[in-house]
Amino acid sequence: MNKRQQATRSPRRRALRLATLATLGTLGMALGMAGSAWAQKYPDRPIRLVVGYSAGGGVDAAARILSARLPAVLGQQVVVENRAGATGMIAADLVAKAAPDGYTLMMGDSGMLITKLLQPKIAIDPLTSFKPVAGAFVSPLMIVTGNDFPARTPAELVTELKTHPGRYSFATSGVGTVQHLGFEMLKQTTGSFVVHVPYRGAAQIVPDVVGGQVPIGVVSATAGMAQAKAGKLRAVALMNKAKLDGADGVAPLADALPGFDVAPRLFLLAPAGTPDDIVDKISAAVKTVLDTPEAATAAAAQGTLRAYAPPAQLRKDLADETARWKRIITDQRIVAEGS
């Protein structure tokens with residue numbers, strides 16, 4: 001090819017590239033407008049809210065607080081679907097693989113974050129397989145003891161555990177739960193040694209603390225307060241900093257350990273790739289529901305606290321919480337049961 005031919009073709013190529021780029025830009029604008037129109041019509045059919053646990057549990061109850069009230073805001077029914085198993089990961093797999101159109105959501109919880117850390121071969125990653133939609137609730141935890149336990153306050157508890165390493169044990173609902181890792185954080189922070197006694201579920205912990213089979217239990221604040229008010233055990237400390245109705249006389253661990261704050265988090269997730277406009281619309285609806293007195297009353301009855309967070313804040317919160325649990329798991333050399 002001679003120089004004259006090259007000079008002739010070069011402007012033609014530039015013009016062709018510019019025309020192509022203009023076409024792509026127009027197409028992108030059209031797709032964006034179509035996506036926006038789609039979001040404006042959303043939702044036009046019922047929405048599935050998948051829960052990774054059986055009906056009647058804490059995560060399920062929180063999901064139903066939202067599902068009963070979101071239809072009034074969104075104009076469509078929200079149906080709770082229970083897919084129990086593998087610490088919520090069966091449900092997580094289903095939702096992660098669902099169409100990213102806003103019609104399949106998940107009520108996630110902190111247990112998902114911990115399960116992925118303890119079992120890294122699991123394909124689903126709570127931080128990358130989903131798009132955060134809204135923080136919804138936290139579930140306060142309480143440290144309870146028998147009535148003859150030497151400590152009555154958070155400061156006395158810390159002193160007792162540090163002074164007598166190895167003397168006590170603590171019960172939780174299982175290895176790798178927030179209850180377990182939260183107490184491991186307490187141990188790490190105070191440099192104390194307390195033996196972990198993992199139970200299969202929380203139902204038997206309070207009776208065993210009352211009966212003296214185990215000196216310390218980590219349970220839901222609701223379960224702990226019910227027995228403390230009956231005089232059957234002692235509510236020594238709340239693990240989270242937020243004030244809890246009905247537990248005014250129980251101080252948070254943060255009184256003795258500034259900054260200490262542990263509570264299972266409950267939040268809404270959508271499949272990765274769900275359009276931002278739809279995510280924002282759902283998130284705003286969740287906030288509207290959580291701001292109502294009816295939602296506050298329903299949450300208190302279930303032993304949870306409202307804790308709305310918009311998508312960007314929830315993304316940061318989940319990343320921070322994952323990093324915190326990773327440090328505890330690594331430092332305390334915690335492994336999954338059966339490993």
Under-4.0 Å salt bridge between [X] and [Y]:
{"X": "K162", "Y": "E160", "result": "no"}
{"X": "R69", "Y": "E294", "result": "no"}
{"X": "R234", "Y": "D148", "result": "no"}
{"X": "R64", "Y": "D60", "result": "yes"}
{"X": "D291", "Y": "K287", "result": "yes"}
{"X": "D317", "Y": "R265", "result": "yes"}

Using the test side chain to side chain donor-acceptor pair (under 3.5 Å), find all partners of E156 that sit at least two apart in sequence or belong to another chain.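 For E156, no residue satisfies side chain to side chain donor-acceptor pair (under 3.5 Å) once neighbours in sequence are set aside.
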
Test your reading of the model: is there a side-chain donor-acceptor pair from S283 to the backbone of V279, 3.5 Å cut-off?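 Flag not set: sc S283 to bb V279 has no pair under 3.5 Å.
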
Side chain of N147, backbone of G231: donor and acceptor closer than 3.5 Å?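 Checked: pair present.
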
Single-linkage hydrophobic cluster [X]~[Y], side-chain heavy atoms < 4.5 angstrom:
{"X": "L314", "Y": "V262", "result": "no"}
{"X": "L266", "Y": "L105", "result": "yes"}
{"X": "V51", "Y": "M112", "result": "no"}
{"X": "V250", "Y": "I205", "result": "yes"}
{"X": "V59", "Y": "L66", "result": "yes"}

Pair [X] + [Y]: ring centers closer than 6.0 Å:
{"X": "F137", "Y": "F267", "value": "no"}
{"X": "Y42", "Y": "Y103", "value": "yes"}
{"X": "H196", "Y": "F170", "value": "yes"}

Assess the residue pair I114 and V178 against the criterion (side-chain contact (heavy atoms from CB on, under 4.5 Å)); give the C-alpha distance rounded to whole Å, side-chain angles, the decisive distance to 0.1 Å, and a yes or no. CA-CA 8 Å; I114 297 170; V178 176; 3.9 Å; yes

Please report the interatomic distance [atom1]([X]) to [atom2]([Y]), rounded to the nearest 0.5 Å.
{"X": "L117", "Y": "I328", "atom1": "CG", "atom2": "CD1", "value": "11.5 Å"}
{"X": "S220", "Y": "M225", "atom1": "OG", "atom2": "CE", "value": "11.5 Å"}
{"X": "D280", "Y": "T274", "atom1": "CG", "atom2": "OG1", "value": "11.5 Å"}
{"X": "D261", "Y": "R324", "atom1": "CG", "atom2": "CZ", "value": "6.5 Å"}
{"X": "L269", "Y": "L318", "atom1": "CG", "atom2": "CG", "value": "7.0 Å"}
{"X": "I47", "Y": "I282", "atom1": "CD1", "atom2": "CD1", "value": "6.0 Å"}

Does [X] reach the side chain of [Y], with side-chain heavy atoms less than 4.5 Å apart?
{"X": "M106", "Y": "L49", "answer": "no"}
{"X": "T104", "Y": "V50", "answer": "yes"}
{"X": "P264", "Y": "L141", "answer": "yes"}
{"X": "L157", "Y": "L161", "answer": "yes"}
{"X": "F260", "Y": "N240", "answer": "no"}
{"X": "H180", "Y": "I334", "answer": "yes"}
{"X": "L181", "Y": "T172", "answer": "no"}
{"X": "R83", "Y": "E81", "answer": "yes"}

Closest approach of [X] to [Y] (non-hydrogen atoms, all atoms of both residues):
{"X": "A202", "Y": "S173", "answer": "N-CB, 3.8 Å"}
{"X": "A84", "Y": "I90", "answer": "O-CD1, 3.8 Å"}
{"X": "V197", "Y": "S169", "answer": "CG2-CB, 3.8 Å"}
{"X": "V175", "Y": "V335", "answer": "CG1-O, 3.4 Å"}
{"X": "A285", "Y": "V73", "answer": "CB-CG1, 3.7 Å"}
{"X": "L305", "Y": "P140", "answer": "CD1-CG, 3.8 Å"}

For R45, enumerate each residue passing the salt bridge (charged side-chain N to carboxylate O under 4.0 Å, His left out) test, keeping only those at least two apart in sequence or located in another chain.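 R45 satisfies salt bridge (charged side-chain N to carboxylate O under 4.0 Å, His left out) with D101 only.
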
Quick check on side chain to side chain contact (heavy atoms under 4.5 Å, CB included): which of R327, R333, K326 does T330 satisfy it with?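 Only one of R327, R333, K326 forms a side chain to side chain contact (heavy atoms under 4.5 Å, CB included) with T330, namely K326.
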
Run the side-chain contact (heavy atoms from CB on, under 4.5 Å) test on K131 and R315 for me, step by step, so that the C-alpha distance in whole Å, both residues' side-chain angles and the decisive distance to 0.1 Å come before the verdict. CA-CA 8 Å; K131 180 170 282 189; R315 182 181 298 279; 4.3 Å; yes

Yes or no on side-chain contact (heavy atoms from CB on, under 4.5 Å) for Q332 and Q188, after CA distance, side-chain angles and deciding distance? CA-CA 8 Å; Q332 302 297 90; Q188 185 181 61; 3.9 Å; yes

Side chains of residues 122-130: which donor-acceptor partners sit under 3.5 Å, not counting sequence neighbours?
from, atom 1, to, atom 2, distance (Å)
D125, OD1, L127, N, 2.9
S129, OG, D125, N, 3.0
S129, OG, D125, O, 3.2

Report the C-alpha distance between V206 and L233 in whole Å, list the side-chain angles of each, state the deciding distance to 0.1 Å, and finish with yes or no for side-chain contact (heavy atoms from CB on, under 4.5 Å). CA-CA 8 Å; V206 166; L233 51 69; 3.8 Å; yes

Do Q76 and D44 meet the criterion of a side-chain donor-acceptor pair at a distance under 3.5 Å?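 Judged by distance alone, the side chains do not pair up.
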
Do Y168 and S192 have a side chain donor and acceptor closer than 3.5 Å?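 No.
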
